[in-house]
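Lettering of chains follows the sequences in order, A, B, ..., and the numbering in each one begins at 1. As the structure is a computational prediction, the values presented were derived from the model and not from experiment.
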Number of protein chains: 2
Amino acid sequence: MRLVVAKCSVDYAGRLSAHLPLATRVLMLKQDGSLLIHSDGGSYKPLNWMSPPCTLATEEPEKDQADVGVTEIWRVTHAKTADMLVVSIYEIYNDVEHELGEDPGLIKNGVEAELQELLAAQIELLGEGYTLVRREYFTAIGPVDILARDENGNSVAVEIKRRGEIDGVEQLTRYLELMNRDPHLAPVTGVFAAQEIKPQAKTLAEDRGIRTLILDYDEMRGIEDKHGRLF
Amino acid sequence: MRLVVAKCSVDYAGRLSAHLPLATRVLMLKQDGSLLIHSDGGSYKPLNWMSPPCTLATEEPEKDQADVGVTEIWRVTHAKTADMLVVSIYEIYNDVEHELGEDPGLIKNGVEAELQELLAAQIELLGEGYTLVRREYFTAIGPVDILARDENGNSVAVEIKRRGEIDGVEQLTRYLELMNRDPHLAPVTGVFAAQEIKPQAKTLAEDRGIRTLILDYDEMRGIEDKHGRLF
DNA sequence: CTATATATGTCGAGG
DNA sequence: CCTCGACGTATATAG
């Protein structure tokens, strides 16, 4: 990992073309040849970058570039797509290199996959007498998160989100429409389950006869832990 | 902008909870208090981060933490959501600070706008005898990318995407529904045009009687200076 | 490898 | 402020 603070301008050509005017920025050069160009604001997204696999070549500036103050040129070329990033460096204020080694990586909890597992294991949260048919029930337009049966044996399609927004209701609506054309499944009702459901999504769901359900992650995980400890 | 190379472990609690085991990483501290934690690989996305608005507080470690080698603790708290990122620092190998100033920002040239221009100019790609009515035909729920007429003089609404996914079909469906209620326009048929159309989107479009059309960007552009823009 | 859904998505436009 | 759509989306996972 090499960290350079430099006055530079940048040009990118690939899926789009883009240009960064002359300013002072941080250039982060990773071991794999990739390059990130950060300013002192914005969020985690760099102003510009090149993803691996790619190679960096350092070049001498042409005379006309040297005349306007360019001291070196970094040309980063993507190995597969021929995307190219060219950094024209005017002045380097700081240049540090350090060996980091392999990173053990991030451990996550509470993403949608985990919610789906938990709800499948605690299908009774949908209601008394509900049973799990299967997770990831496949249809022609995509997988339904959970297919269950209610206390009367009727099909119930469950769409799970971390945050329930209108998109998710639309998605479930499409599934229901399709599944209700299948005489083996129909009638199919819908449940929209999420840790948090936006008011508009709740309204839309109810308007379409879809039940909404708030999932309490901590509670569900707690129950699961207790189950685990019983064994 | 402060750049720190340090051995650290990290914990995040917010929309999800996550943990980074002890390793050497780069900590990028921006002027607005935001923090990025980068390893020497991956793409431009940090391993972990806190977006602005947020504040950084440096704390002394508790005794039990100090005993295992923690020298300082950085606690970054989001100003609105109460998301929290805690960095436990064991050793600092490098620590640099530099004033960058405001960045003038990125200048972009996108692809989708160009696709729309090109298709309007080459409207015959839609079929024999088609004529352009106008680009950005305005409806109550938004602009239709292109309105054309087919060889019989009937209205055709075209939705253009770089990548055709289900969302785009939904969008076009809404336009068609609305436009077909207008006796001056009806009957209106739809064409979903994109550089690439996902199978699910194609299925849904056909199910709704919408024609799909693959656009060859390079061909439409005439395979001119694709990479010649840099210099 | 392709295809698909998720994401602490981020980001910008527009009501 | 919120919603919606685009993104050089990236990323993991299933087929």
Side-chain angles (χ1 to χ4, degrees), chain A residues 12-18 34 36-37 41-52 54 76 78 80-85 105-106 108-116 135-136 138-145 159-163 165-168 170-171 194-196 198-201 204, chain B residues 10-18 34-37 42-52 54 76 78 80-85 105-106 108-113 115 140-143 145 159-168 170-171 174 194 196-203:
Chain A
Y12 166 77
R15 309 219 195 143
L16 59 68
S17 49
S34 62
L36 317 186
I37 298 159
S43 71
Y44 70 66
K45 195 175 178 180
L47 291 165
N48 220 325
W49 71 92
M50 183 61 77
S51 311
C54 61
V76 191
H78 197 273
K80 293 182 171 178
T81 60
D83 286 21
M84 190 185 293
L85 187 67
L106 188 67
K108 289 186 185 187
N109 303 291
V111 291
E112 181 185 320
E114 198 181 354
L115 288 174
Q116 193 190 108
R135 286 168 54 192
E136 303 284 352
F138 275 87
T139 74
I141 56 169
V144 177
D145 290 335
E159 179 63 35
I160 299 171
K161 293 284 180 214
R162 198 170 47 71
R163 299 165 62 184
E165 296 179 29
I166 280 182
D167 277 10
E170 295 287 10
Q171 196 178 336
Q195 279 185 278
E196 177 201 350
K198 294 287 171 77
Q200 289 199 347
L204 183 64
Chain B
V10 183
D11 288 276
Y12 167 77
R15 301 190 220 172
L16 55 66
S17 52
S34 62
L35 173 66
L36 316 187
I37 298 159
S43 71
Y44 67 68
K45 193 174 177 178
L47 291 165
N48 217 325
W49 71 95
M50 183 62 76
S51 309
C54 61
V76 191
H78 197 273
K80 294 182 170 180
T81 61
D83 286 20
M84 189 183 294
L85 188 65
L106 188 68
K108 281 190 190 184
N109 302 300
V111 173
E112 184 180 327
L115 278 175
I141 54 170
D145 289 335
E159 177 65 33
I160 299 171
K161 295 283 181 220
R162 199 170 58 73
R163 299 160 66 178
E165 298 179 30
I166 279 181
D167 281 6
E170 295 287 12
Q171 201 177 329
R174 287 195 297 271
E196 177 199 353
I197 297 179
K198 297 292 169 77
Q200 290 193 354
K202 191 169 153 65
T203 303

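Along DNA chain C, the nucleotide nearest to A:Arg163 and the one nearest to B:Lys198 differ in position, and the one closer to the 5' end is contacted by B:Lys198. Projected onto DNA chain C by closest heavy-atom contact, A:Lys80 and B:Arg15 fall at different nucleotides, the more 5' of which corresponds to A:Lys80. Residues B:Leu106 and B:Gln171 both approach DNA chain D. Their nearest nucleotides, taken by heavy-atom distance, put B:Gln171 toward the 5′ side.
Looking at heavy-atom distances under 4.0 Å, A:Gly142 makes contact with sugar-phosphate atoms alone, never a base. As judged by a 4.0 angstrom heavy-atom cut-off over every strand, A:Met50 is placed among the base-contacting residues. In this structure, B:Ser51 reaches the sugar-phosphate backbone alone: every heavy-atom distance under 4.0 Å involves primed, P, OP1 or OP2 atoms, never a base. Nucleic acid contact class of B:Ile141 (heavy atoms, under 4.0 Å, all strands): none.
Note: CD (B:Glu196) to C1' (C:dT2) measures 10 Å, nearest angstrom. Taking atom CD1 on B:Ile160 and atom C1' on D:dA6, their separation rounds to 15 Å, with Å as the unit. Look at CG on B:Leu36: it is 16 Å from C1' on D:dA10, rounded to the nearest Å. In this structure, B:Asp167 places its CG atom 14 Å from P of C:dT4, rounding to the nearest Å. Taking atom CD of A:Glu112 as the reference point, atom C1' of D:dT13 lies 13 Å away to the nearest angstrom. Atom pair B:Glu170:CD and D:dT3:C1' shows a separation of 17 Å (rounding to whole Å applied). Regarding B:Ile197, its CD1 atom lies at a distance of 18 Å from the P atom of C:dT2, rounded to whole Å. Rounded to whole angstrom, the span from the CD atom of B:Glu165 across to the P atom of C:dA3 amounts to 12 Å.
Between B:Gln200 and C:dA5 there is a side-chain polar atom (N or O) within less than 4.0 angstrom of OP1 or OP2. Using a 4.0 Å cut-off, some side-chain N or O of B:Arg174 falls inside it from OP1 or OP2 of D:dG5.
Minimum heavy-atom separation, A:Ser34 to B:Gly42: OG-O, 4.4 Å.
To the nearest 0.5 Å, atoms NZ (B:Lys45) and CG (B:Leu36) are separated by 12.5 Å. The NZ atom of A:Lys198 sits 11.0 Å away from the CG atom of A:Asp167 when rounded to the nearest 0.5 Å. One finds the CD atom of A:Gln195 at 11.5 Å from the CZ atom of B:Arg15 (value rounded to the nearest 0.5 Å). For the atom pair A:Glu159 CD and A:Gln171 CD, the distance stands at 4.0 Å (nearest 0.5 Å).
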Task: Under the 3.5 Å Watson-Crick or G-U criterion, the dot-bracket string of DNA chain C, with | for inter-strand pairs - done: |||||||.|||||||
Would you list the protein and nucleotides 11-15 of chain C atom pairs, both N or O, that sit under 3.5 Å from each other?
from	atom 1	to	atom 2	distance (Å)
C:dC11	OP1	A:Ser43	OG	2.8
C:dC11	OP2	A:Ser43	OG	2.8

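Under the side-chain hydrogen bond (donor to acceptor under 3.5 Å, both in side chains) criterion, B:Thr203 pairs with no residue at all, not counting sequence neighbours. Taking A:Ser43 as the reference, nothing meets the side-chain hydrogen bond (donor to acceptor under 3.5 Å, both in side chains) condition, with sequence neighbours excluded. Every residue two or more places apart in sequence or in another chain that forms a side-chain contact (heavy atoms from CB on, under 4.5 Å) with B:Gln200 is listed here: B:Ile166. For A:Glu165, there are no side-chain hydrogen bond (donor to acceptor under 3.5 Å, both in side chains) partners, not counting sequence neighbours.
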Open item on the list: Please determine whether side-chain contact (heavy atoms from CB on, under 4.5 Å) holds for the pair B:Tyr12 and B:Asp83, giving the CA-CA distance in whole Å, both sets of side-chain angles, and the decisive distance to 0.1 Å.
Closed with: CA-CA 8 Å; B:Tyr12 167 77; B:Asp83 286 20; 2.7 Å; yes
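Side-chain atoms of B:Pro199 lie closest to C:dA3 of the nucleotides C:dT6, C:dA3, D:dC7. Side-chain atoms of A:Asp145 lie closest to C:dT6 of the nucleotides C:dA7, D:dC7, C:dT6. Looking at the side chain of B:Lys161, the nearest of the listed nucleotides C:dA5, C:dT10, D:dA6 is D:dA6.
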